[in-house]
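Along the sequence shown, residues carry numbers from 1. Worth knowing before you read on, the calculation uses all heavy atoms, side chains too, and leaves out hydrogens, waters and symmetry mates.
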Amino acid sequence: MTTGTEMDDVRTRTTARYELHGNVAADLAEQLLTLHPPTSPRRFVCYPIPGTSRFADLGRQVELEVFGDVFGNDLAELVAEYGPYEPASVFLVVMDQRRRRAAGVFRMIENSAAGLKTLNDIAGEPLSLPRAEVLAHHGIADLDRVWDVGTLAVRPEYRRSGTRRRNVSLLLYRAFYVYALRAGMEHVVTAIDSHAHRAMLALGVPFVPICDSEPFDYIGSSCTALYGHLPEFQAKVEERSRRLRIRRPLAWCLLAGPMRKIARGRGLDERLQPPVG
């Protein structure tokens, strides 16, 4: 028999909530961790959650808080930007088991009747890159094998400390890679701000500008439209680590551990949870 709580857990919703008032967020986080007990005792674990699940609102709340603080985006802007893609979104939500709350989120957008957000956006001004041109340039034959990174957001308190920042951000990067391959994805597109772009470049994540495009203003920040071929990610990160060790040994000492973690999943893969139904 399925209980009422379980029915709520798997139901398909049509209303996405970014603002969780009062104890709603705390209650929702507790329900997620109780109904889907983490398989790892580590403090930070990551759940893949479909956008139609009520638990996806935990990720949306982080988006609103972080984008409001960093870029000045408000609720109306986020609803306007992501509303058409809510049913096709998958949220990778990192939960803090100690504090029983969401720490960070990656929003992945799958192909649907609405299309992929990044490709839709760069088709307009200022880049004016037609979808057909992008697909041809990057050898994309099937849009159903493309994930669009819609958002990446980590709460401020998990960014102030170097250790916590690595734990949450690296877990999100690794989760994205592992879950994308499990879902049969081959390509990734995104438009990310300059700070996130620099962080990914430092770690050797092999994104390249879509159609050799230049940075542009996007939802209140300077962003670059990027493309990545997922099967190359691990080899490229490891190649970057080897080059760095020879050319910049001091930088390698700082980055070797994080690069090894996102490439091989050491200390991270055990934290990846089964999909929330």
Side-chain angles (χ1 to χ4, degrees), residues 16 18 51 59-60 63-64 66-68 70-92 105-153 172-173 176-177 179-180 183-233 236:
Y18 288 85
R60 293 185 180 97
E63 290 177 336
L64 179 61
V66 173
F67 293 154
V70 177
F71 304 119
N73 302 138
D74 60 21
L75 174 61
E77 287 179 292
L78 292 183
V79 170
E81 289 290 337
Y82 296 101
Y85 309 98
E86 293 292 1
S89 292
V90 177
F91 292 81
L92 307 183
V105 64
F106 240 134
R107 179 199 289 249
M108 319 311 305
I109 300 174
E110 299 176 329
N111 188 38
S112 69
L116 296 171
K117 178 172 171 51
T118 294
L119 299 188
N120 290 341
D121 289 349
I122 65 175
E125 296 291 339
L127 297 187
S128 300
L129 292 171
R131 185 177 67 176
E133 179 180 341
V134 174
L135 302 189
H137 186 90
H138 294 288
I140 301 173
D142 184 359
L143 284 173
D144 288 341
R145 299 192 67 185
V146 181
W147 258 6
D148 188 344
V149 179
T151 64
L152 167 60
L172 284 170
Y173 292 151
F176 151 72
Y177 175 67
Y179 289 126
M185 297 296 131
E186 183 178 355
H187 312 276
V188 57
V189 295
T190 188
I192 61 175
D193 69 272
S194 56
H195 176 77
H197 189 194
R198 285 194 301 270
M200 289 187 176
L201 287 176
L203 292 169
V205 180
F207 279 117
V208 297
I210 292 178
C211 294
D212 303 313
S213 57
E214 297 293 329
F216 66 108
D217 184 71
Y218 183 66
I219 318 179
S221 64
S222 176
C223 291
T224 303
L226 300 173
Y227 165 82
H229 187 233
L230 282 164
E232 298 179 350
F233 273 33
K236 292 290 186 181

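Of the possible donor and acceptor atoms, one in the side chain of Ser89 sits under 3.5 Å from a partner among the backbone N and O of Tyr85. Tyr82 places no side-chain N or O within 3.5 Å of a backbone atom of Arg60 that could act as its donor or acceptor partner. Side-chain N or O atoms of Glu81 include none that pairs as donor or acceptor with a backbone N or O of Leu78 at under 3.5 Å. Judged purely by atom type and a 3.5 angstrom limit, Asp148 has no side-chain atom pairing as donor or acceptor with the backbone of Ile109. Counting only distance, with no hydrogens or angles, the side chain of Arg107 and the backbone of Glu86 share no donor-acceptor pair below 3.5 Å.
Between the CG atom in Leu203 and the CZ atom in Arg198 there is a gap of 13.0 Å [rounded to 0.5 Å]. Residue His138 holds its NE2 atom at 9.0 Å from CD of Glu133, rounded to the nearest 0.5 Å. Distance check, rounded to the nearest 0.5 Å: CE of Met185 to CG of Leu230 gives 9.0 Å. Summarising the geometry, atom CH2 belonging to Trp147 is positioned 12.5 Å from atom CG belonging to Leu116; distances are rounded to the nearest 0.5 Å. From Leu143, atom CG reaches atom CD of Glu110 across 12.5 Å, with rounding to the nearest 0.5 Å. The OG atom of Ser222 sits 13.5 Å away from atom NE2 of His195, with the distance rounded to the nearest 0.5 Å.
Glu63 is not listed as a side-chain neighbour of Asn73, based on a closest heavy-atom distance of 4.5 Å or more. Side-chain contact between Val188 and Phe207 is present, with at least one heavy-atom pair separated by less than 4.5 Å. Using a 4.5 Å cut-off on side-chain heavy atoms (C-beta onward), Tyr173 and Leu152 make contact. Contact annotation: the side chain of Glu186 approaches that of Pro231 to within less than 4.5 Å [non-hydrogen atoms, C-beta and beyond].
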* To do: Start with the C-alpha gap between Met108 and Val149, add the side-chain angles, then the distance that decides, and say whether side-chain contact (heavy atoms from CB on, under 4.5 Å) holds.
  => CA-CA 5 Å; Met108 319 311 305; Val149 179; 3.4 Å; yes
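The ring-ring contact (aromatic ring centres under 6.0 Å, His included) analysis of residues 106-130, with sequence neighbours excluded, yields the pairs Phe106-Phe176.
Across all non-hydrogen atoms, the minimal contact from Val105 to Gly59 is CG1-O, 3.6 Å. The two residues Thr118 and Ala191 come nearest to each other via the heavy atoms OG1-N, 3.7 Å. Contact between Ile192 and Met200 at its shortest, heavy atoms only, is CD1-SD, 3.9 Å. In this structure, Asp142 and Asp144 approach most closely via the heavy-atom pair OD1-N, 2.9 Å. Taking both residues in full, the closest heavy atoms of Gly72 and Glu77 are given as O-OE1, 3.6 Å, listed atom of the first, atom of the second, then distance. Minimum interatomic distance between Phe216 and Ala225 (heavy atoms only, all atoms of both residues): CE2-N, 3.8 Å.
Using a 30° and 60° split on the angle between ring planes, Phe71 and Phe67 fall in the tilted class, from 30° to 60°. Using the six-membered ring where Trp is involved, Tyr227 and His187 have ring planes that are tilted, between 30° and 60° apart.
For the side-chain contact (heavy atoms from CB on, under 4.5 Å) with Leu127, the lone residue among Ile122, Val134, Ile210 that qualifies is Ile122.
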